[in-house]
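Here is the structure we will look at, set down as structure tokens.
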Number of protein chains: 2
Amino acid sequence: MSRDSRLSDVLHILLHMAYERAPVTSEAMARSLNTNSVVVRRIMAGLRDRGYVRSEKGHGGGWVLSRDLSEITLLDIYLALGSPALVSFGRRSEAPDCLVEQAVNSNLDKTLQEAQLLMMTRFGEITLAKLHADVQAGIADRRHLAKLEAAHGSTS
Amino acid sequence: MSRDSRLSDVLHILLHMAYERAPVTSEAMARSLNTNSVVVRRIMAGLRDRGYVRSEKGHGGGWVLSRDLSEITLLDIYLALGSPALVSFGRRSEAPDCLVEQAVNSNLDKTLQEAQLLMMTRFGEITLAKLHADVQAGIADRRHLAKLEAAHGSTS
DNA sequence: CATCATGTAATAGTATAAGTTACATGAGTA
DNA sequence: TACTCATGTAACTTATACTATTACATGATG
């Protein structure tokens with residue numbers, strides 16, 4: 001649909017980290033996202049600066065979560081990424097003299113800000129622990145499905 | 001803030017058209033937007049196809065509104081533009097096997113769709129007539145201000 | 001001290017919107 | 001009919017933001 005996969009990427013990474021006890025390297029993360037390790041380090045930099053993760057150099061180095069999953073919301077992560085634009089449309093000019101443009105801008109801005117506020121509010125309500133629980137539920141579903149298939153010898 | 005000013009541009013154009021009885025040329029519209037006439041014709045094409053405006057060639061040609069301002073909503077215009085993306089973030093991959101990515105995607109998608117729905121709903125509630133009324137209110141304000149300034153000889 | 005991993009700057013690739021040029025088509029006018 | 005104006009569009013260039021890669025410095029481990 002749209003661009004900017006950083007939020008999605010970081011979440012993917014953090015949840016995978018939650019399943020590892022040892023530090024995870026940027027290289028490993030990059031592989032699971034089909035991208036480059038520098039991209040990973042770049043989007044992780046903000047999280048490191050805010051203390052959500054730690055990074056260690058050298059042998060056995062890599063990234064480690066430094067907070068519990070329940071203490072980090074998607075909003076925290078969004079902010080750590082530098083609050084990139086959430087809405088795709090905007091205005092052509094900033095402070096126009098034209099009254100028509102002023103009316104258009106103020107109406108569009110209102111909707112834009114409402115949508116932005118909604119997204120940030122939702123982000124603030126979702127913790128990494130919630131995502132983790134969703135993954136666990138998915139695993140349970142898969143196991144259940146596998147058992148059914150084994151019992152009935154069907155793959156349809 | 002962000003890119004894609006097409007919605008803002010079209011609204012600007014349509015409202016200016018509402019103040020003219022004669023057809024308005026792409027050239028004139030482009031001037032008031034500080035852009036090129038081809039850009040104008042490009043974004044107007046969808047509106048023409050949906051019957052919101054008519055375009056006439058030759059001498060005295062140009063663009064004319066073919067509906068009342070109260071019969072066109074911002075949603076109509078958004079759809080006529082081809083429903084461009086409203087939200088800037090998205091996912092890296094579409095149908096991942098990874099359960100983690102599935103959980104991330106479904107949570108992000110939910111918020112994304114909620115925001116998209118909100119924006120489209122708001123767009124559906126705003127008619128061009130509403131924007132026109134806002135412009136009129138702005139003009140009234142300006143007149144009022146001008147009178148005050150003339151009376152008191154102040155420009156602060 | 002060799003190796004591994006992060007940190008980061010610099011550069012290139014990609015996608016989409018915006019801007020421009022060029023030319024065809026149709027409508028009015030002398 | 002010939003001329004001019006304005007739209008209709010394709011093709012190309014520019015601008016911008018994210019993504020990807022290369023290169024090299026820094027620090028930690030064995």
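Computed over heavy atoms, backbone and side chain alike; hydrogens, waters and symmetry mates excluded. Residue numbers begin at 1 in each chain, while the letters A, B, ... track the order of the sequences.
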| request: Would you mind checking if B/R54 and B/E56 are paired as a salt bridge, meaning a charged N to carboxylate O distance below 4.0 Å? | output: yes
If you take all heavy atoms of [X] and [Y], which pair is closest and at what distance?
| X | Y | value |
| --- | --- | --- |
| A/A85 | B/S88 | O-CB, 3.3 Å |
| B/S37 | B/A30 | N-CB, 3.5 Å |
| A/I43 | A/I13 | CD1-CD1, 4.2 Å |

To the nearest Å, give me how far apart [atom1] ([X]) and [atom2] ([N]) are.
| X | N | atom1 | atom2 | answer |
| --- | --- | --- | --- | --- |
| A/E56 | D/dG30 | CD | P | 12 Å |
| A/L7 | D/dT19 | CG | P | 11 Å |
| B/M44 | D/dG8 | CE | C1' | 14 Å |
| B/R54 | C/dA27 | CZ | P | 14 Å |
| A/R31 | C/dA5 | CZ | P | 10 Å |
| A/D4 | D/dT16 | CG | P | 18 Å |
| B/L47 | D/dG8 | CG | P | 12 Å |
| B/R92 | D/dC18 | CZ | P | 14 Å |

| query | Should we count CG of B/D49 as having more than 12 external heavy atoms under 6.0 Å? | reply |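 Correct, the count exceeds 12.
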| query | With no hydrogens and no angle check, do the side chains of B/W63 and B/T25 hold a donor and an acceptor under 3.5 Å apart? | reply |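 B/T25 and B/W63 do not have a side-chain donor-acceptor pair below 3.5 Å.
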| task | Please identify each residue that fulfils salt bridge (Lys or Arg N to Asp or Glu O under 4.0 Å) with A/K57, with sequence neighbours left out. | result | none
| Test salt bridge (Lys or Arg N to Asp or Glu O under 4.0 Å) applied to A/E71 - qualifying residues, sequence neighbours left out |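 So A/E71 forms no salt bridge (Lys or Arg N to Asp or Glu O under 4.0 Å) with any residue.
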| request: Check every strand shown and say whether B/G62 touches a base, only sugar-phosphate, or nothing at a heavy-atom separation below 4.0 Å. | output: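 Answer is sugar-phosphate: B/G62 comes under 4.0 Å of backbone atoms only.
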[X] vs [N]: side-chain N/O to OP1/OP2 distance below 4.0 Å:
| X | N | result |
| --- | --- | --- |
| B/R48 | D/dT7 | no |
| B/S55 | D/dT7 | no |
| A/S5 | D/dC18 | no |

| field | Check: B/V87 and A/M119 side chains under 4.5 Å, non-hydrogen atoms | value | yes
| query | A/Y52 versus A/L14: any side-chain heavy-atom pair under 4.5 Å? | reply | no
| said: With the threshold set at under 4.0 Å for non-hydrogen atoms, list the residues of residues 33-43 of chain A touching DNA chain C in residue-number order. | reply: A/V38, A/R41, A/R42
| field | Interface with DNA chain C, restricted to residues 11-25 of chain B and to heavy atoms under 4.0 Å | value | none
| query | Nearest 0.5 Å, what's the OG1-CD distance between A/T121 and B/E114? | reply |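 Output value for this atom pair is 9.5 Å.
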| said: B/T73: which residues meet the side chain to side chain contact (heavy atoms under 4.5 Å, CB included) condition with it, sequence neighbours left out? | reply: B/L75, B/D76, B/T127
All N/O pairs under 3.5 Å across the protein-nucleotides 25-27 of chain D interface:
residue	atom	partner	partner atom	Å
D/dT26	O2	A/K57	NZ	3.3
D/dG27	O4'	A/K57	NZ	3.2
D/dG27	N2	A/G58	N	3.0

